[in-house]
Undergrad: 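Here it is, the structure in full.
As the structure lists them, so they are numbered: ligands from 1, and atoms in each ligand from 1.
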Amino acid sequence: MKGFFITGTDTDVGKTFVTACMLRTLVDKRIRVIAYKPVQSGAQWQDGKWIAPDVDVYRKVIDVTDEDGCTYLLQTPCSPHLAAKIDGVTIEPDHIVAHVHQLQQTYDFVLVEGAGGIAVPLVDKSFLIAHLAQLLHLPLIIVARASVGTINHTVLTVEYAKAFGLQIAGIIMNGFSTPKNEIEQENIRMIEAMTHVPVIGEIPHMTNFSHQQIVWRKEWWQ
Ligand SMILES: Nc1ncnc2c1ncn2[C@@H]1O[C@H](COP(=O)(O)OP(=O)(O)O)[C@@H](O)[C@H]1O
Ligand SMILES: [Mg+2]
C-alpha cells in the first residue's frame, strides 16, 4: 500500500487542487486510489445535506462518498480545533487512524489531505496536523505556492516537519505562470538548495483543468 500525507504552506495554497491532479495521474495509471480528508471544516449545504467541499473536488476525478472521504465534517470555516468546539464535537485521532487503515484494505494508494498547514491545531495545542502525520506513518507532500513569498513559507514548513521527524517525499509547487517566469524558476532552485527536498511537481495556474499541463519531475507513484 502506498500513500502520502498532503500538507501545504498555508490554507488555500492548492492542497485539494494538487490532490486532484495526483488522483488524475493515478487513475490514468489504473491504480486503485482514494483521497481522504480526515477533518473538513466549512461544510457546505447542498441538495438538503451538508457536504465536504474538498471531497466534492475529489469526486471530479474518482467515485467517493463523503462517508468514505471524510471522518469529521464541521460547519464553521476555521481551524479544526475551533470548528469542533463550536459544533460540540471531539476529534479522536484514533478514529482517523482506523479510517485510514480501513481505506488501506480496499485501495492501493491513499492520499490524505491535512487542514491548513502543518502547525494547525487539530485537537488542541498539543495535537497538531504534524502529530496526525506522525501517527499515520505516511510520507509528506508539501504543497507550496510558485510565486513570491514561497521560499520563506516552504523552508519554515520543511524545517518544522523535520523537527517532528517526518519523512518528506517532496514539494509540489502550484500556480505557475505559463510559461514559468524567472522568479518562479529561481524559487524552485532556491527551495531545493535550502531544503534538500526535491520539487517533484509543477502545477500551472489553470483556468480550465487539463492534466497535460501538469509537470511531474519525479515518478512519485512508483
Ligand atoms: N493550479 C491552479 N489553477 C487554478 N486554480 C487553482 C489552482 N490551485 C488552486 N486553485 C484554486 O484556488 C482555490 C484554493 O485551492 P485549494 O486547492 O482549495 O486550496 P487548499 O486545499 O490548500 O485550501 C480553489 O478555488 C482552487 O480551485
Ligand atoms: Mg483543501
Undergrad: Ligand 1 and Asp54, any nitrogen or oxygen pair closer than 3.5 angstrom?
TA: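 For ligand 1, there is no N or O atom that lies under 3.5 Å from one belonging to Asp54.
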Undergrad: In ligand 1, which numbered atoms sit nearer than 4.0 Å to a non-hydrogen atom of Glu113?
TA: 21 (O)
Undergrad: Do any non-hydrogen protein atoms sit less than 4.0 Å from atom 19 (O) of ligand 1?
TA: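 Given the 4.0 Å limit, the answer for atom 19 (O) of ligand 1 is yes, a protein heavy atom qualifies.
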Undergrad: Would you say atom 6 (C) of ligand 1 touches the protein, meaning some protein heavy atom is under 4.0 Å from it?
TA: yes
Undergrad: Give a yes or no on whether the backbone of Arg217 and the side-chain of Glu202 come within a donor-acceptor separation of less than 3.5 Å.
TA: no
Undergrad: Identify the protein heavy atom lying closest to atom 4 (C) of ligand 1, giving its residue, its atom name and the separation to 0.1 Å.
TA: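 Atom 4 (C) of ligand 1 sits closest to the protein heavy atom Met206 O, 3.1 Å.
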Undergrad: Would you sort out whether Ile6 and Met22 count as a side-chain contact (heavy atoms from CB on, under 4.5 Å), showing the intermediate values?
TA: CA-CA 11 Å; Ile6 297 168; Met22 296 174 83; 3.8 Å; yes
Undergrad: Is it the case that the side chain of Asp66 and the backbone of Ala52 share a donor-acceptor pair, with hydrogens and angles ignored and the cut-off at 3.5 Å?
TA: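 Side chain of Asp66 to backbone of Ala52: a pair is present.
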Undergrad: What is the nearest protein non-hydrogen atom to atom 17 (O) of ligand 1, stated with its residue, atom name and distance?
TA: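 Answer for atom 17 (O) of ligand 1: Phe17 N, 2.9 Å.
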Undergrad: Is it true that Pro204 lies under 4.0 Å from ligand 1, counting heavy atoms only?
TA: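 Pro204 counts as a contact of ligand 1 under the 4.0 Å cut-off.
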Undergrad: Pick one of side chain, backbone, both or neither for how Asn174 approaches ligand 1, counting any non-hydrogen atom pair under 4.0 Å.
TA: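 Contact part for Asn174 vs ligand 1: side chain (C-beta onward).
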Undergrad: Cut-off 3.5 Å, side chains only: do Thr25 and Trp216 have a donor facing an acceptor?
TA: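 Yes.
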Undergrad: Look at Asp12 and state whether any of its N, O or S atoms is less than 2.8 Å from the Mg ion (ligand 2).
TA: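 No N, O or S atom of Asp12 is closer than 2.8 Å to the Mg ion (ligand 2), so no.
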Undergrad: Taking the six-membered ring for Trp and the full ring for Phe, Tyr or His, determine whether the centres of His131 and Phe164 are under 6.0 Å apart.
TA: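 Under 6.0 Å, so yes.
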Undergrad: What's the shortest distance from atom 16 (P) of ligand 1 to any protein heavy atom, and which residue and atom give it?
TA: Gly14 CA, 3.7 Å
Undergrad: Which residue in the set Val55, Asp54, Ile96 passes side chain to side chain contact (heavy atoms under 4.5 Å, CB included) when paired with Tyr36?
TA: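 By the side chain to side chain contact (heavy atoms under 4.5 Å, CB included) criterion, Tyr36 pairs with just one of Val55, Asp54, Ile96: Ile96.
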Undergrad: Can you list the steps and then say if Val158 with Ile171 is a side-chain contact (heavy atoms from CB on, under 4.5 Å)?
TA: CA-CA 9 Å; Val158 167; Ile171 297 162; 4.2 Å; yes
Undergrad: Give, rounded to 10 degrees, the angle between OG1 (Thr16) and OD2 (Asp54) as seen from the Mg ion (ligand 2).
TA: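 That angle works out to 90° after rounding to 10°.
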Undergrad: What orientation do Tyr72 and His95 show, parallel under 30°, tilted 30 to 60°, or perpendicular over 60°?
TA: parallel
Undergrad: Going hydrophobic residue to hydrophobic residue with side-chain gaps under 4.5 angstrom, can you get from Phe209 over to Val215?
TA: no
Undergrad: Are Leu82 and Ile118 in one and the same hydrophobic cluster, where Ile, Leu, Val, Met, Phe, Trp and Tyr link if side-chain heavy atoms are under 4.5 Å apart?
TA: no
Undergrad: Looking only at protein heavy atoms, identify the closest one to atom 21 (O) of ligand 1 and say how far it is in Å.
TA: Thr16 OG1, 2.8 Å
Undergrad: Can you check atom 24 (C) of ligand 1: any protein non-hydrogen atom closer than 4.0 Å?
TA: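 Given the 4.0 Å cut-off, atom 24 (C) of ligand 1 does not count as touching protein heavy atoms.
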Undergrad: Looking at Glu113, which of its N, O or S atoms is the nearest one to the Mg ion (ligand 2)?
TA: OE2
Undergrad: Please state whether the separation between the Mg ion (ligand 2) and some N/O/S atom of Thr19 is under 2.8 Å?
TA: no
Undergrad: List the closest protein heavy-atom neighbour of atom 12 (O) of ligand 1: residue, atom name, distance to the nearest 0.1 Å.
TA: Asp12 O, 4.8 Å
